[in-house]
Protein chains: 2
Amino acid sequence: MDQLKLHNQVCFPVYTLAKEIVNRYRPFLQDLDLTYPQYLVMLVLWEKDGQTVSQIGEKLNLDSGTLTPLLKRLEQKKIIARSRSEKDERTVIISLTASGESLKDKAQNVPSQLVGSLSISVDELQKLRRIIDQILSNI
Amino acid sequence: MDQLKLHNQVCFPVYTLAKEIVNRYRPFLQDLDLTYPQYLVMLVLWEKDGQTVSQIGEKLNLDSGTLTPLLKRLEQKKIIARSRSEKDERTVIISLTASGESLKDKAQNVPSQLVGSLSISVDELQKLRRIIDQILSNI
DNA sequence: TACTATTAAATTGTGTGAAATTTAATTTGG
DNA sequence: CCAAATTAAATTTCACACAATTTAATAGTA
């Protein structure tokens, strides 16, 4: 068996599925005027408001090279605010604006819409999560 | 349970794993002077030389907006050649150069290196593939 | 206390991805 | 046969990702 044949690759399906998921999210997220990475940042902030750029980056595995411009776009949309910490002027604290906070209500049904559009059972999804979490925990 | 909590998301792990896989490939692919998407294109061509841009795009789920500049970079590296079809001047045929063909030898051990670096059993990887293929087939 | 090292963001440069438009070539229907 | 529709790439625009460097602020140390 040829190791270099595309259909024998294990990683290509993961790569394809990830792109497909982002595409599936797109129509739902367009209603919120968010891209998928922007949505992930908002999830992090909805869970705990007032985090630094690095804290957000740790949770999403993104560095400042990605986050700085993304956060500036969220700032332009007026759903977050960026301010320097008083204790340490190096750190930038990201906080939700009122409209960023209220966007959470509109986002409530996004997960169920998405899962519905994938046409797969919750059980299979759990299995998928378990295996991926196991791989990621080894990294 | 809060549907909007990051750790309850099913898609975030897939997104994270895909990025992590690309990062894992990077050091091995740097030896070949290829990025991961460029490597995927080469896999397609090593399997069958002389395909059109659309044929490559169908196999990798990429459109000309992504492929055209990518293919031009591979052309600059002199591992592929681009030529218009004589039958239909609209289509561009991508073919391997001698050095593109011989790059396949250097690529032979990439898959095993990659799987080794993921520290997961082949069995688990098969399970992962099966679930993902099932999801993708429903799309 | 200066000097150095470290840290946090920002910046720069390269390379995807996707949507929308454009250009050129080919097909098709009247 | 010829105008209209279709098709294939290319182009344009926007938004990630990541590596590497830079800038500014803080911490540590002789």
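Each chain gets a letter, A, B and so on, in the order the sequences are listed, and its residues count up from 1.
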Return the value, rounded to whole Å, for the distance between atom [atom1] of [X] and atom [atom2] of [N].
| X | N | atom1 | atom2 | value |
| --- | --- | --- | --- | --- |
| A:Leu71 | C:dT11 | CG | C1' | 15 Å |
| A:Ile94 | C:dA8 | CD1 | P | 15 Å |
| B:Gln55 | D:dT7 | CD | C1' | 14 Å |
| A:Leu29 | D:dC16 | CG | P | 11 Å |
| A:Leu60 | D:dA17 | CG | P | 10 Å |
| A:Arg84 | D:dA25 | CZ | P | 8 Å |

Which parts of nucleotides 16-26 of chain C does protein reach within less than 4.0 Å, heavy atoms only, written one letter per nucleotide 5' to 3' as B for base, S for sugar-phosphate only and - for none? BBBB-----BS

Apply side-chain hydrogen bond (donor to acceptor under 3.5 Å, both in side chains) to [X] and list each qualifying residue two or more places apart in sequence or on a separate chain.
| X | answer |
| --- | --- |
| A:Lys19 | none |
| B:Lys127 | B:Glu124 |
| A:Asn61 | none |

Contacts satisfying side-chain hydrogen bond (donor to acceptor under 3.5 Å, both in side chains) that involve residues 93-116 of chain A (not counting sequence neighbours) are none

Within the pair A:Lys72 and C:dT11, is there a side-chain N or O less than 4.0 Å away from OP1 or OP2? yes

Between B:Arg24 and D:dC18, is there a side-chain N or O to OP1/OP2 distance below 4.0 Å? no

Ring pair (Phe, Tyr, Trp, His ring centres under 6.0 Å) contacts touching residues 39-79 of chain A (sequence neighbours left out): A:Tyr25-A:Tyr39

What distance do A:Leu67 atom CG and A:Ile94 atom CD1 have between them, rounded to the nearest 0.5 Å? 8.5 Å

